[in-house]
Amino acid sequence: MKLSQLVGQRLKEAPRDAQTASHIFLIRGGYVRLVSAGLYTLLPLGRRITRKIEQILREEMDRVDGQEIRMPVVLPAELWEESGRYAKVGSELLRFKDRNGKDMLLGMTHEEAVVQVARTELVSYKQLPSMLYQIQTKYRDEARPRAGLIRVREFTMKDAYSFHGSQDCLEKYYERCHEAYVRIFKRIGLKQCLSILSDSGMMGGAVSHEFMAIADCGEDTIFASPDGSYRANREVAVAKLAFAKDAPLPLNKVHTPGCKTIADVAAFLKLSPAQTCKAVFYKDQDNKLVFVCIRGDLEVNEAKLRKAIQCPEIDFANDELIRAAGTVPGFASLLGIDAKKIRVVVDPSVSESSNLVVGANEEDHHMLNFNFARDAAGREHIMITDIATVREGDPCPLTGQPLQALKGIEVGNIFQLGTKYSAPMACNYLDQDGKSKPMIMGCYGIGVGRAMAAVIEQCHDDYGPVWPMAIAPFQVHLIGLNINQPEVRQACDNLYQSLLDAGIDALYDDRGEKAGFAFADADLIGVPLRLVVSPKTLAQSQVEFKQRNWGKRSELIALDGVLPFVQQQIQELMALCRPDTPTA
RNA sequence: CGGGGCGUAGCGCAGUCUGGUUAGCGCGAGUGGUUUGGGACCACUAGGUCGGGGGUUCGAAUCCCUCCGCCCCGACCA
């Protein structure tokens with residue numbers, strides 16, 4: 001490709017909107033262009049990269065016996081009604097009617113569609129296990145697209161679905177897919193990508209992992225032990241906190257004028273927040289009160305709470321609702337509360353700590369020395385479960401070491417779905433015993449554009465992306481300086497042609513721009529290998545060579561040895577992305 | 001959906017508060033010339049529904065009303 005013909009302007013300045021490295025460089029380098037919020041056109045450079053990523057995905061999916069298919073983006077609502085998701089999913093699902101008034105939708109994921117394939121094409125246990133995948137457009141009407149390609153509304157996703165005759169088979173296959181994912185992210189050049197335990201959310205199913213590209217701009221928080229043995233999404237992470245276990249002292253009411261917050265109470269009584277108990281009030285979608293107790297220094301993890309009480313939507317309760325339950329906002333506690341009438345959730349930090357300060361359910365008063373086992377009435381009706389948000393430095397549940405907090409971009413996920421879709425949608429097969437059984441399913445997704453953006457987040461310098469060889473838009477960037485001199489033009493043309501003839505993917509800057517201008521563009525395009533030909537180098541029958549990540553350093557190589565040299569460099573850089581040595 | 005910010009040429013911005021002729025500047029683009037190793041220089045040229053609509057006014061980019069769009073934070077998120 002000649003740079004003079006490449007579509008996609010490089011920009012000296014980024015649009016003000018762009019704030020993260022990947023967003024800035026994708027725009028400045030001419031990889032993508034915004035069409036509307038969360039909708040992007042991939043320009044040639046961006047498309048070249050995503051094609052290479054897609055090819056890696058194909059190879060790795062085929063390697064775990066996947067078969068590529070293609071399902072429609074537009075799907076009939078009736079299919080989603082079968083699984084129950086048509087009613088369940090909110091406005092993230094784009095619904096519309098076709099000309100006949102039939103309810104349709106844009107696929108945000110394809111469990112229903114693939115189940116329809118499986119239940120007609122896979123009928124016997126002899127055909128299982130089986131895995132189908134596609135690389136295709138998804139649409140999600142995101143409330144808030146952000147950070148360029150990190151969070152968009154329309155995107156290309158590799159989505160794969162496996163079908164099994166037994167849980168055991170699913171679990172074994174899930175492991176293979178996990179390994180395939182480790183290989184994939186290594187191959188596309190991510191430097192740090194961790195698989196973590198995750199909250200499977202509305203996707204359902206028991207076990208799931210998210211693959212997180214570690215990056216400061218990531219939306220997810222991950223807690224990891226220093227030795228890597230434990231890592232989990234903040235939504236599900238747990239810590240092994242130590243609780244005070246002193247001999248219970250008698251309850252004792254104290255006057256705490258105006259002390260409505262934990263900070264007030266702790267300061268007034270000269271205690272640490274960890275010696276207090278916090279009462280937090282939520283309401284569910286039916287406007288019913290949920291009374292939550294947690295140690296004063298901890299925060300409620302709403303994702304855990306939602307899961308614990310099996311309630312997808314919760315919000316803070318207003319004072320009216322709190323008072324109606326017989327408590328006093330700011331001075332509320334379990335004391336005198338009838339747990340039979342109100343839903344109460346207590347974190348172990350409260351049920352297992354001794355002598356906490358709690359509200360007295362009386363204006364301007366608190367109670368010292370609350371002990372759950374002694375003082376909470378109707379304990380048998382109270383749900384005791386971990387609903388605490390893990391903090392950086394909290395002890396790891398496995399090793400006890402202080403947990404580290406990392407930010408990550410979710411570039412892929414894998415789920416053990418079980419029969420969540422196959423059972424309601426009658427996706428059955430005939431087993432050896434002649435009985436019809438629902439298939440056990442797994443699903444496996446990777447966002448292609450997001451993966452590209454994540455690579456930039458991890459691989460860039462001040463001047464632009466530093467593409468890993470495996471997904472670079474080109475393998476070699478050839479620049480001709482003073483190319484208006486016929487002998488330079490000739491030498492460059494010849495070298496370019498011989499690179500192409502050798503099967504090397506070369507970009508040729510034939511524009512005759514000034515050196516600085518050409519170099520700045522080359523940095524933005526981020527091709528891993530660069531060759532510069534100029535009258536100076538030509539006079540010695542040499543070519544200047546550098547790798548993209550060498551900064552200003554370069555070396556001279558003989559013109560007649562360029563081809564084998566470049567081929568070897570490509571091999572060496574490709575080797576850096578070989579999946580042989582899994583890291584995650 | 002809640003909070004905040006922004007919308008003037010392809011990109012970055014000034015002008016808006018305090019209304020007043022032909023709406024400017026830098027980058028980018030085109031032509032000609034001089035240049036040529038880390039975003040050169042000179043001259044000329046093209047490029048604008050000042051986000052849309054309505055209103056106030058002799059006069060609106062500027063004031064008022066309204067709608068739309070984009071970004072950031074939060075909520076939500078297979």
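We name chains A, B, ... by the order of the sequence lines, and we start the count at 1 in each one. Nothing here was measured: the structure is a model prediction, and the numbers come from that model.
Heavy atoms of A/Arg153 sit nowhere under 4.0 angstrom from any nucleic acid atom. Contacts of A/Ala522 with the nucleic acid, taken as non-hydrogen atoms under 4.0 Å apart, are absent. Within the nucleic acid shown, A/Ala37 comes within 4.0 Å of sugar-phosphate atoms alone, with no base atom in reach, counting heavy atoms only. Residue A/Thr537 is classed as a base contact, given a heavy-atom separation below 4.0 Å to a base. Here A/Pro535 lies out of heavy-atom contact (under 4.0 Å) with every strand. Using a 4.0 Å heavy-atom cutoff across all strands shown, A/Gln19 reaches sugar-phosphate atoms only and no base atom. At a threshold of 4.0 angstrom between heavy atoms, the contacts of A/Asp521 include nucleobase atoms, whether or not backbone atoms are also involved.
Ionic pairing of A/Glu68 and A/Arg58 is present here: one or more N-O contacts between side-chain nitrogen and carboxylate oxygen are shorter than 4.0 angstrom.
Distance CD (A/Gln542) to C1' (B/rG37): 15 Å, rounded to an integer number of Å. The CG-P distance, from A/Asp462 to B/rG39, rounds to 15 Å in whole Å. The distance from atom NZ of A/Lys12 to atom P of B/rA40 is 6 Å, rounded to the nearest whole Å.
Outside the 6.0 Å centre-distance limit, the rings of A/Tyr421 and A/Trp80 are not counted as a close aromatic pair.
Each of A/Glu302 and A/Ser36 has a nearest nucleotide on RNA chain B; the 5'-most of these lies closest to A/Ser36.
If you take atom C1' in B/rC17 and the same atom in B/rC58, they sit 23 Å apart, rounded to whole Å.
With hydrogens and angles left out, the side chain of A/Glu13 and the base of B/rG26 share a donor-acceptor pair within 3.5 Å. With hydrogens and angles ignored, a donor-acceptor pair under 3.5 angstrom links the side chain of A/Asp523 to the base of B/rG38.
A salt bridge (charged side-chain N to carboxylate O under 4.0 Å, His left out) check over residues 483-493 of chain A, counting only residues at least two apart or in different chains, returns nothing.
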